[in-house]
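Within every chain, numbering begins at 1; the chains are lettered A, B, ... in the order of the sequence lines, protein sequences first and strands thereafter.
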Amino acid sequence: MRFATWNVNSLKVRLPRVEEWLAEVQPDVLAMQETKLADDAFPGLAFQAMGYDSVHHGQGQWNGVALLSRVGLERPVYNFAPGITPDHEARIVSATCGGVRVSSVYVPNGRSLDNDHYRYKLDWMARLREHVAAESTPSDDVIVMGDFNIAPDDRDVWDASAYEGGTHISQPERDVLGALVDWGMVDLFREQHDEAGLFSWWDYRNGDFHKGHGMRIDLVLGTASTAQRCSFSIIDRNARKRQQPSDHAPVLVDLDG
DNA sequence: ATGGTCGTTGCACGA
């Protein structure tokens, strides 16, 4: 089964790119972030015509997350699981697809270390850990994928000194990501590729993509049982080269069986 | 060189 995550930066603008990409890459499950759509504007019929069931958790204008699946889509949960303080923004949706409990997440950006949004980001990540622990145990097949807005270590940044004192690389952010790892999640892409300079996001400005100035902030986290089944993983940089690209590239992983 | 490009909505702001 092929799982993928893609921050599409407006599904309204990106739908043609997404449809092309689905036809070409044939993922079984796709997690999208930043759809920037209200639920009644989500193009579920277009995806149904391509063989995908879908769920969307949107708020319009900003944020918005979705899951597409052609291997079943059951027990959808919008927002965090019951019992966890709900998010006031649309940043997480979960469902069971092909026997795997999957979440599509859009972690808050943080903006700057002294900003309330940064504390919101850290709290959000703590709630994400609670969510995963509420829904599953580490021995289950679980995948949490999306735009984490955190570069796990300095290999994931083109120049760590350029981000010194900023978000995405700060130790508290890496620590809250580490709490998910401590619970039992593995960075599936990093399991297969240990070199530096493999990025999933490049700022639109200043020709950053062509200069190789990017970060790896789009992650596919999976429990040990999924890591054992993972046979292939890649960041599809080609999608970042096309017309009207998102500023993020899709990340995909293949699981055997 | 403290800029630049997108996407949203409106005549700025978030990423």
Scan residues 5-17 of chain A against DNA chain B and write down, sorted by residue number, each residue with any heavy atom closer than 4.0 Å; if none is found, say none.
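Result for residues 5-17 of chain A: A:N9, A:S10, A:V13, A:R14, sorted by number.
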
Tell me which of A:G60 and A:H117 sits closer to the 5' end of DNA chain B, going by the nucleotide each one is nearest to.
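Comparing both residues, the 5'-ward one is A:G60.
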
Nearest-nucleotide wise, let me know which of A:G110 and A:P245 is further upstream toward the 5' end of DNA chain B.
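By nearest-heavy-atom nucleotide position, the 5'-most residue is A:P245.
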
Applying salt bridge (Lys or Arg N to Asp or Glu O under 4.0 Å), can you list everything that pairs with [X], at least two apart in sequence or on another chain?
X	answer
A:E20	A:R17
A:R14	none
A:D203	A:R205

Using the [atom1] atom in both, what is the distance from [N] to [M], to the nearest Å?
N	M	atom1	value
B:dC13	B:dG4	P	16 Å
B:dG14	B:dT9	C1'	12 Å
B:dG3	B:dG7	P	22 Å

Report yes or no: is the cationic atom of A:R240 (NZ for Lys, CZ for Arg) closer than 6.0 Å to the six-membered ring centre of A:F209, at no more than 45° off its axis?
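Judged by the rule, A:R240 and A:F209 form a cation-pi pair.
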
Output all residues satisfying ring-ring contact (aromatic ring centres under 6.0 Å, His included) with A:F3, sequence neighbours left out; order by chain, then residue number.
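So A:F3 forms no ring-ring contact (aromatic ring centres under 6.0 Å, His included) with any residue.
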
Would you confirm whether the ring centroid of A:Y120 sits within less than 6.0 angstrom of the ring centroid of A:H88?
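Here the rings of A:Y120 and A:H88 have centres that are less than 6.0 Å from each other.
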
Does anyone know the first and last nucleotide of DNA chain B in reach of chain A, 5' to 3', at under 4.0 angstrom to a heavy atom?
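Answer, 5' to 3': B:dG4 to B:dA15.
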
If you measure from the Lys or Arg side-chain nitrogens to the Asp or Glu carboxylate oxygens, is any gap between A:D256 and A:R229 under 4.0 Å?
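No, no charged N to carboxylate O under 4.0 Å.
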
Steps toward side chain to side chain contact (heavy atoms under 4.5 Å, CB included) verdict (A:L221, A:M145):
CA-CA 6 Å; A:L221 304 183; A:M145 56 182 166; over 6 Å; no

